[in-house]
Amino acid sequence: MSAVSPWRKRLVIWARLSNIALQGQLVYRFNFFLNTFKYGWYIWLMVFVWLAVSRSNPDFSMTQTQVVQYYVLAAILFGFSNHYLDEVDFEIKQGSISRFLVKPVGTFHFYYVPALVRTLSETLVKVVVLTAAMWWFESLPQLNLAQIAVTAFLLLLVHFFSYNLHYVISLFSFWFQQVYSIRYSMGFIVRFLSGLLVPLSLLPLPAQTAIRWSPFPEYASTPIALLQNQLSWWQIEQRAIVLLFWTAVVLLVRNRVWREATHAYESTGI
Amino acid sequence: MTLFEYRRSFYFWTIVSTMWTLFNFLVIGVMGSVTGQIGNWPFPYVMILISTFTIIDSMTWGWFYINMWQYTSHIYSGTLSGFLVKPIDTQFLMMTQDNSFNNIPRFFLGVAGLVGTIWWYQISITPLQLLLYCLVLPVGMMFLYFVWFILATLAFWVERFNNIHDLLPGLRQIYQMPRTIYPKWLFFVVSVLFPVALVTAAPVELLISLNSWPWALYLFAMTFFMAAVARRFFLYSIKRFSGVGN
């Protein structure tokens, strides 16, 4: 009897988790569409704000087409960095983490794989609807396969990094009651630093330079610039290296916090 | 009592809400540095609008959201039955049963922003304008709340729509900015058909000029209309309710 390789087992488990996540989306389809468009609408509204700004200032650095493209693309990309891990906080506080002692899947992967599937399915719907909107506004960007492939890779890395960051915050539930307040307070700051609220090119140069050392421009500003042909390959590589660095840091922190948390963990029964 | 029991939560949310409000003002400040006006509204008037939005937002999250979330939860879990037999109007109970003090700091930040902007830019306000602003502001909040209640009552009709109470908070950004930024068709939708933009626009436009009193009157009328619709819709929908053990 041949042994099944661990990676094959893992892939089978991930496929099952993905299937469960997709089924959840279909059963709760009203929730799915509401969540998909709620944050898309929030970013889309910025289109009107910045179009108004560009109309009142003839020297504004972005054309109307660029403004529409910028925020519609931001609305599509927003889902890759917008996570709600309240269920993780809740399960830690309830003591439900114990069940992972008997599950054939690690805690992180159990939460991450469905989250990735949800993000991809929401993004697919947004791409269809918002591409039609950009076509209506005659603001469709000219894309090639290489751009799309590099953007997709960058966005998957962004999703992995941002989810790990939120996960680390959730792990503090082992010690604190209301970690969601930390997440919420971070949310607005991160949206600002990523260029979702204000294009980073409008900030003073020293601020732009400082922000570029953080991973947050990769949430929106960098992939949008990539899709608008505003970055050279060397700049893309630089951004990817910065993001990989911060991903490595957050993984180290996550593993350390998890180790400390399991020492502090107590629950009643299994 | 709950507030004093969970003081740390209150302090935490004070910090969170302060940061959110300050970043809101920062974003507007960056826009103001690019242009002195947004949608033909001079920058000081936009700051007044944002301060008003902050005051309304403190009520949205401190009172409206928590009640609407519990309302839809009771419908979906079937526990609304316990409220139907209480000797108090169920709709009134659903709309007022709970609140949170965590957003009180935001209210004061909004008031501080409003007073600070008027003082800093030496904007002249008459007592009549201030009185009308204080009268129209709660009317706008009530309009918002009744619309929210109508949307939450859809939970009687649509299953597996647990996030229905999140629908209206997602539209808050409509009244966060001057309504003049919208194209004509959208201006008509958000000012006439579904006048959610008037929630902030009506009191602020009265504060800076008395010429927009027709819009304030329209908001009054729509609020009464929404209150009547909310009442009728709730009484009609309650017949569909089948609670636990009914």
Side-chain angles (χ1 to χ4, degrees), chain A residues 24-62 84 137 176-193 195-204 207, chain B residues 6 8-24 26-43 46 61 102 154-155 158-183 186-187 190:
Chain A
Q25 305 274 54
L26 288 171
V27 169
Y28 287 87
R29 43 191 177 276
F30 289 122
N31 279 353
F32 167 69
F33 284 117
L34 178 62
N35 281 337
T36 302
F37 289 107
K38 192 169 67 169
Y39 293 102
W41 167 254
Y42 167 64
I43 304 295
W44 173 254
L45 211 59
M46 300 303 285
V47 169
F48 297 114
V49 174
W50 286 101
L51 282 177
V53 170
S54 72
R55 276 195 297 270
S56 55
N57 181 359
D59 297 326
F60 188 55
S61 54
M62 292 169 79
Y84 285 96
F137 279 94
F176 300 112
Q177 273 294 315
Q178 293 191 344
V179 294
Y180 65 86
S181 51
I182 303 173
R183 198 179 292 121
Y184 282 2
S185 59
M186 251 183 56
F188 203 90
I189 300 170
V190 167
R191 282 177 208 178
F192 180 78
L193 295 178
L196 276 168
L197 298 175
V198 177
L200 294 181
S201 54
L202 297 179
L203 299 178
Chain B
Y6 294 96
R8 215 177 289 173
S9 168
F10 176 73
Y11 297 147
F12 233 150
W13 276 104
T14 301
I15 297 169
V16 170
S17 57
T18 304
M19 285 169 67
W20 272 82
T21 309
L22 291 177
F23 265 90
N24 242 337
L26 177 65
V27 168
I28 298 302
V30 171
M31 288 181 195
S33 69
V34 173
T35 173
Q37 56 178 358
I38 298 172
N40 296 324
W41 277 45
F43 181 68
V46 178
W61 295 108
N102 290 336
L154 287 172
V158 182
E159 290 176 9
R160 302 189 198 123
F161 201 175
N162 300 28
N163 288 352
I164 194 167
H165 58 277
D166 270 338
L167 187 57
L168 201 66
L171 301 177
R172 279 157 51 241
Q173 279 70 33
I174 293 176
Y175 53 86
Q176 191 179 7
M177 288 291 164
R179 57 194 175 128
T180 44
I181 66 170
Y182 303 121
L186 192 53
F187 179 92
V190 300

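Computed from heavy atoms alone, side chains included, the values below leave out hydrogens, waters and symmetry copies. So you know, we letter chains A, B, ... as the sequences are listed, proteins then strands, and number each from 1. Remember, it's a predicted structure, so these values are computed and weren't measured experimentally.
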message: Under a 4.5 Å cutoff for heavy-atom pairs, which residue among V27(B), T18(B), V158(B) has the most contacts with chain A?
response: V27(B)

task: Give, as side chain, backbone, both or neither, the part of L171(B) having an atom under 4.5 angstrom from any heavy atom of chain A.
output: both

query: Hey, does L51(A) have a side-chain heavy atom less than 4.5 Å from the side chain of I181(B)?
result: no

Straight-line distance of F48(A) CZ to I38(B) CD1, nearest 0.5 Å: 15.5 Å

- prompt: Under a 4.5 Å heavy-atom cut-off, does chain A meet the side chain of N40(B), its backbone, both or neither?
  reply: neither

statement: Note: A52(A) and G39(B) closest approach over all heavy atoms is CB-N, 3.9 Å

query: Between L26(B) and chain A, which part of the residue has a heavy atom less than 4.5 Å away: side chain, backbone, both or neither?
result: side chain

- line: Comparing V47(A), L202(A), V53(A) against chain B, the one with the most heavy-atom pairs below 4.5 Å turns out to be V53(A)

